[in-house]
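What you are looking at is a predicted structure, and each value in this text was computed from that prediction instead of being measured. All values below were derived from every heavy atom in this structure, side-chain atoms included, with hydrogens, water molecules and symmetry-related copies excluded. Throughout, protein chains are lettered first and strands after them, A, B, ... in sequence-line order, and every chain is numbered starting at 1.
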Amino acid sequence: MIVKTVNSYDIHIHGQLLRVIEKNELRAGPEGFDVKKLLLNEPRGSKYMNLLIFHEDEITGGLTVTLDSITGIENEDVLLKSFVSSLVDRGRIEKKESYSLDFNGRTKKYGQNELIETPLYEVGLTDGLYEVNHKKIKLVETGLHMDIQYITSIKKEIEKLNDSTYDYLVLSNDGKHAAANKNNDILPYPIIEVISLFDRELGTERTTTLNGDDIKIQNGRFEHAYQLISNSQFYIDHTDIYTEGFVIK
Amino acid sequence: MNQNSKQFITLDTHTGGNPTRTVLAGMPELAGDTIQEKMLDMKENHDYIRKFLVNPPRGHDVMSGTILLPALRPEADYSVIFIETGGYLPMCGHDTIGTCTALVEMGYVERQEPFTSVVLDTPAGVVEAKCKVENGKVEEVTFVSTESFHLKTVDVLFEGRNVRCDIAYGGNFYGIIRAEDLGLSLDIANSEGIVAAAMELRDVINSEHDVRHPEYPFINKLTHMELYEEGEVIRNTVVVPPGGIDRSPCGTGTCAKVATLYKEGRISENDVFIHESITGSQFKARLISSKEENGITFNKVSITGSAWIMARHDFYMNESDPLQNGYLLIPDI
């Protein structure tokens, strides 16, 4: 029997998935079930999932937010801004000049005009690695085709080049690129630090990510309007064999 | 917010961890008078809908589903098209269990206890599923799968190891291999290594051995790999094309396993065999009958498994979305 329902919605930003749930929805979960993990992990979630849970203070209207992911959080500010933008669009919060969030004990402030675009970061270079927004990037020009059809070769190259010195490895060829994190997880969507590197250091005006998205880099800004994927209602049946789901990469 | 776009309504279930996205609404009229013709029309003219529904970011590497259509045959409750990230299937065991569970629990077929029969018109033919129902909940679903058989046993040299592989058919050809022979253990933490080794070995076998269905010569390749570990209960993982791990014990893969066990004399008619997946879920298989034709033993096997409803989604397809077709980080086969 279904003993718990959870309302949520999913959005994506250039293919990066974000699931948004209000904290109250997680209350009163059935005993022995970890509702939060069930919404992040398979079979309800996946390795692609970024899970955002928020709470609005009834008196101050302040928003407290947490973000979880299986492979790590990339584009943190882009995800948070897109979340705020979606709340405004849904009429869940009022449109204002600026918005303030409590995120992991830090205060984040975003202006209304920043919600769908972000200025790119400055780029430094130390010991052969680029440094962007405190992230180290190793950039490699390669002869490999940056298409899904060649994904096996791309994965092998990523494993071969991993020397544990970087946060992101970027393989670039002919206007296309593939990015991976330090655990060799392929990040098929644009990473703002990588886009900053293409803009500031290489003067690139457009690049295609591994998921096929064509990214235009204009006026030193990264545009990131979100797309609504779905409005959803999740169910938990008390006889389900998975109490917290599972992770398969 | 782009909510004023094309909408698809789905009910999602999981069968032993493997997802099924049953599409209830949103499909255009498909051309054709039979489910086979409608599947072909979807493949040729509406494949973007499959990609939209199963590929990331809306789905994931092994997301699959059924397109639910009004019955095209008088004996059927519904006609269905099976979709997955790799394309289309004539029949799928875990999707049959998932969709029938959703149809019965949500009242799309008249619910009767203790058993409700659901008849699906599939591209592989009519499939009758027997759903065991208690207090409105479908406890398990049983259906008789397509005939399975053991084709041959081959030995191949792979990465310096001699690997023995049973090739058996259960709706697809399966290469059944002891995981230990590849130096692998069936742990979900090893999933990337399991997929890579299995796909590489499959290609080696296809290059060295002829794999051909005796009645349908167009089925002429080993497509699925099934790694297993012996034990009180046999654990398995099936690597499905284009390169993902089946989260369930795999219905058709279990039929192929039963055919192999029968050939080895380890199972008899009416015996029940329990197969466990890499995520801990189980299917029960029962060997109903066997018959020999032209040197091949064909087995009729029933599969029993359980599914759980996990979500209802309203998906929005918007033409302004450059990733409307999603993406898949697995190469085409």
Report, in residue-number order, which members of residues 207-217 of chain A are under 4.5 Å from chain B by heavy-atom distance.
A:L210, A:N211, A:D213
Return the minimal non-hydrogen interatomic distance between A:Q227 and B:P322, and the atom names on each side.
NE2-CD, 4.2 Å
For A:T239, is it the side chain, the backbone, both, or neither that has a heavy atom closer than 4.5 Å to a heavy atom of chain B?
both
Less than 4.5 Å to any heavy atom of chain A: does that hold for the side chain of B:H14, its backbone, both, or neither?
side chain
Where is the tightest heavy-atom contact between A:H12 and B:D321, given as atom of each residue plus distance?
NE2-OD2, 2.8 Å
Are the side chains of B:L329 and A:I148 in touch, meaning some heavy atoms are under 4.5 Å apart?
yes
What heavy-atom pair brings A:S232 and B:H313 nearest, and what distance separates the two atoms?
OG-ND1, 2.6 Å
I'd like to check the side chain to side chain contact (heavy atoms under 4.5 Å, CB included) partners of A:V20; sequence neighbours left out, ordered by chain and number.
A:Y9, A:L18, A:L52, A:F54, A:F83
A:K47 vs B:D61 side-chain heavy atoms within contact, under 4.5 Å
yes
Among A:I229, A:T5, A:I236, A:I241, who wins on heavy-atom pairs under 4.5 Å with chain B?
A:I229
Quick check on the interface: out of B:M63, B:R58, B:E192, B:R312, who has the most heavy-atom pairs with chain A under 4.5 Å?
B:R312
Does A:N219 CG have over 12 foreign heavy atoms under 6.0 Å away?
no
What's the separation between atom CD1 in B:I245 and atom NZ in A:K249, rounded to the nearest 0.5 Å?
13.5 Å
Which heavy atom in B:K137 sits nearest to a heavy atom in A:M1, and how many Å separate them?
CD-N, 4.3 Å
Count the heavy atoms belonging to other residues, nucleotides or ligands that lie under 6.0 Å from NZ of B:K221, then report whether that count exceeds 12.
no
What part of B:D12 is in contact with chain A, defined as an atom under 4.5 angstrom from a non-hydrogen atom: side chain, backbone, both or neither?
neither
Is the closest side-chain heavy-atom distance between B:R247 and A:P43 below 4.5 Å?
no
Quick check: closest heavy atoms across A:F246 and B:G17, and the distance to 0.1 Å?
CZ-O, 3.6 Å
For A:I116, does the CD1 atom have more than 12 heavy-atom neighbours from other residues, nucleotides or ligands under 6.0 Å away?
no
Is there side-chain contact between B:T279 and A:Y242, with heavy atoms separated by less than 4.5 Å?
yes
Mind ranking B:Y327, B:W308, B:F315 by heavy-atom pairs under 4.5 Å with chain A and telling me who comes out on top?
B:W308
Rounded to the nearest 0.5 Å, what separates atom CD1 in A:I2 from atom CD in B:E105?
6.5 Å
Where do A:L17 and B:P57 come nearest, in terms of heavy atoms and distance?
CD2-O, 3.5 Å
Chain A contact via B:I309 - side chain, backbone, both or neither, heavy atoms under 4.5 Å:
both
Find the distance between OG1 (B:T237) and CD1 (A:I248) and round it off to the nearest 0.5 Å.
7.0 Å
Check the surroundings of atom CD in A:E205: do more than 12 heavy atoms from other residues, nucleotides or ligands lie under 6.0 Å from it?
no
Heavy-atom pairs under 4.5 Å with chain A are the metric here; pick the option from B:G280, B:G244, B:S191 that has the most.
B:S191
Heavy-atom contact with chain B under 4.5 Å, split by part of A:Y48
side chain
Note: vs chain B, highest number of non-hydrogen pairs under 4.5 angstrom among A:D240, A:V88, A:D237 is A:D240
